[in-house]
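Right, one structure below, let's go through it.
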Amino acid sequence: MYFGVFGLLLGMFLAMVDGMIVGTALPTIVGELGGLEQLSWVVTAYLLTTAVATPIWGKLGDLYGRKGTFMAAIVVFLAGSMLSGLSQDMGQLIAFRALQGLGAGGLMVGALSIIGVLVPPRESGRMQSMIGGMMPVAFIGGPLLGGFLTDHLSWRWAFYVNVPLGAVALVIVGVGIRLARTERSTARIDYLGAVLLSVAILALTLLASWGGVRYGWGSPQILGLAAVGVVALAWFVRVERRAAEPVIPPRLFRSRNFTVAQILSFLVGAVMLGATSYLPQYMQFVQSLSPTASGLLLLPLMFGMLGVQLGTGALISRNGRYRIYPIVGGGVLTAGVLLLLLLGTDTTTAVASALTVVAGMGIGFVMQSTMIITMNSAAPRDMGAASGTVTLLRTLGGSLGVALLGAIFTDRLRSGLADRVGEGAARRLTAGSGQLTPQLLDEMAGPVRGAYRAAVTSGLHGVLIGAAVLAVLGFAVAWCVREVPLRSAEEPAG
């Protein structure tokens, strides 16, 4: 079984490592292809389609077979990776990242749902140790590999590198995973629910991205997006209550712990993706570091997250108690994000790197505990839908977080530049055709360099303040978790 599980973890690795590799390459990608105002959409397009596809992949697995749908998701992901690497402009890259995200939506949910069937919740702490063995490679090796490939080959290899890994995962899963045969379901996928969910997610993401930046908050465009999002969500809830096979079964939310875990997943996803998407901007533009070095300087954040996840998994497996961890995680994450506000234009590189460790620890506490709570709250028949929902909420949180916090970053960057070098110069430095890389910035006049670095720092501080607000909300919500005994076998969900 464990040989096959390694293949599942490798599939999860593809989804985890992609964001880490691409994150350190983003400043170079944007500098080469142009379009600073589209930077967040390279991440958001991927997260958006991942969020939309996740519950659909989970339900397809429940109905038609988890192994086959997982392998199909890998194929779609690899196709999107190849095309992303071949992109010639920002529009193509965003479109192919969206295709890549469609496949990525099935990687995490597929692996987790299969593991959820093979391994009972009481033993999931041991399984988390195996996941922890893969995560250091993804979270630590990802930024390093992304930086190395960008420095010595091309940013395109940040996408091409997925292909050999995906091929290995396909072979291992095909040979090593054996699930009990189930009769082919005649039930239909809830396509109307999937479409409504997609419309709602897209409307809310555009609202978060454009509000106050491209359009005023009271503009017809923003008010229209808000109306579309609310109507689509309300209609989605109504459809899910009546559908024979809903994309997200409402019965899951009868469990208080399940509901709380989803809220926490949403919030920690927003904080994690928001922070890790913009810290490389600071490291490369303000600290004047190469992509490889900026990846190295995120190691404390990754080590903090991974160390806590491994330790928490072992403790939960030993005593079966978990309520304290999301509470501690919310508090530590809030402190860690606020601590990052100490980053400035004169902060030393070593201090800048060390300041990230506390936020990483907070993320680790919350991520580990919410996944275990989710799996313990769902019946075996809903394992795919449950793992799909928690992944969906985390990804959706990341999508909205990157969009909203990215809008704050861009607005503060532009206003900060305008204050220092004038509106005209600021417009030239941030225009879509102004392909500004960290290397080009170093060649500019001293006053311009100083102004841009101060503006990037101001933009990052805006991101961190927004992330701190989300972390405080998570800390408050975590107190609602109840201590329900973990199942040790295929028992009814608690």
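Counting begins at 1 with the first residue of the sequence.
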Quick check: does any side chain N or O of [X] sit under 3.5 Å from a backbone N or O of [Y], one acting as donor and the other as acceptor?
X      : Y      : answer
Arg256 : Cys480 : yes
Thr356 : Ser353 : yes
Arg323 : Arg482 : no

How many angstroms lie between [atom1] in [X] and [atom2] in [Y], if you round to the nearest 0.5 Å?
X      : Y      : atom1 : atom2 : result
Ile74  : Asn162 : CD1   : CG    : 11.0 Å
Leu460 : Leu340 : CG    : CG    : 7.5 Å
Leu339 : Thr334 : CG    : OG1   : 12.0 Å
Met367 : Met305 : CE    : CE    : 6.0 Å
Thr345 : Arg453 : OG1   : CZ    : 9.5 Å
Arg97  : Phe159 : CZ    : CZ    : 5.0 Å

**Message:** Set out, in order, the CA-CA distance, both residues' side-chain angles and the distance that settles side chain to side chain contact (heavy atoms under 4.5 Å, CB included) for Val268 and Thr370, then state yes or no.
**Reply:** CA-CA 10 Å; Val268 77; Thr370 52; 5.6 Å; no

**Request:** Test side chain to side chain contact (heavy atoms under 4.5 Å, CB included) on Leu333 and Val337 and set out the steps.
**Result:** CA-CA 6 Å; Leu333 181 56; Val337 173; 4.1 Å; yes

**Message:** Give me the atom names and distance for the closest heavy-atom approach of Pro300 to Val357.
**Reply:** O-CG2, 3.4 Å

**Asked** Would you call the rings of Phe409 and Tyr278 parallel, tilted or perpendicular, where under 30° means parallel and over 60° means perpendicular?
**Response** tilted

**Item:** Contacts of Thr347 that satisfy side chain to side chain donor-acceptor pair (under 3.5 Å) - sequence neighbours left out
**Value:** none

**Complete:** Hits for side chain to side chain donor-acceptor pair (under 3.5 Å) against Ser84, two or more places apart or cross-chain, chain-then-number order -> none

Evaluate the side-chain proximity of [Y] to [X]: yes if any heavy-atom separation is below 4.5 Å, no if none is.
X      : Y      : value
Thr457 : Leu343 : no
Val260 : Ile263 : no
Leu107 : Phe77  : yes
Thr374 : Phe258 : yes

**Request:** I would like to know whether Val308 and Val332 meet side chain to side chain contact (heavy atoms under 4.5 Å, CB included); could you show each step before the answer?
**Result:** CA-CA 11 Å; Val308 166; Val332 172; over 6 Å; no

**Asked** Do Ser458 and Arg412 meet the criterion of a side-chain donor-acceptor pair at a distance under 3.5 Å?
**Response** yes

Throw together a table of side-chain donor-acceptor distances under 3.5 angstrom for residues 464-472, partners on residues two or more places apart or in other chains.
none

**Prompt:** Which is it for Leu301 and Leu279 under the side chain to side chain contact (heavy atoms under 4.5 Å, CB included) test, yes or no, and what are the steps along the way?
**Reply:** CA-CA 11 Å; Leu301 184 148; Leu279 278 172; 4.2 Å; yes

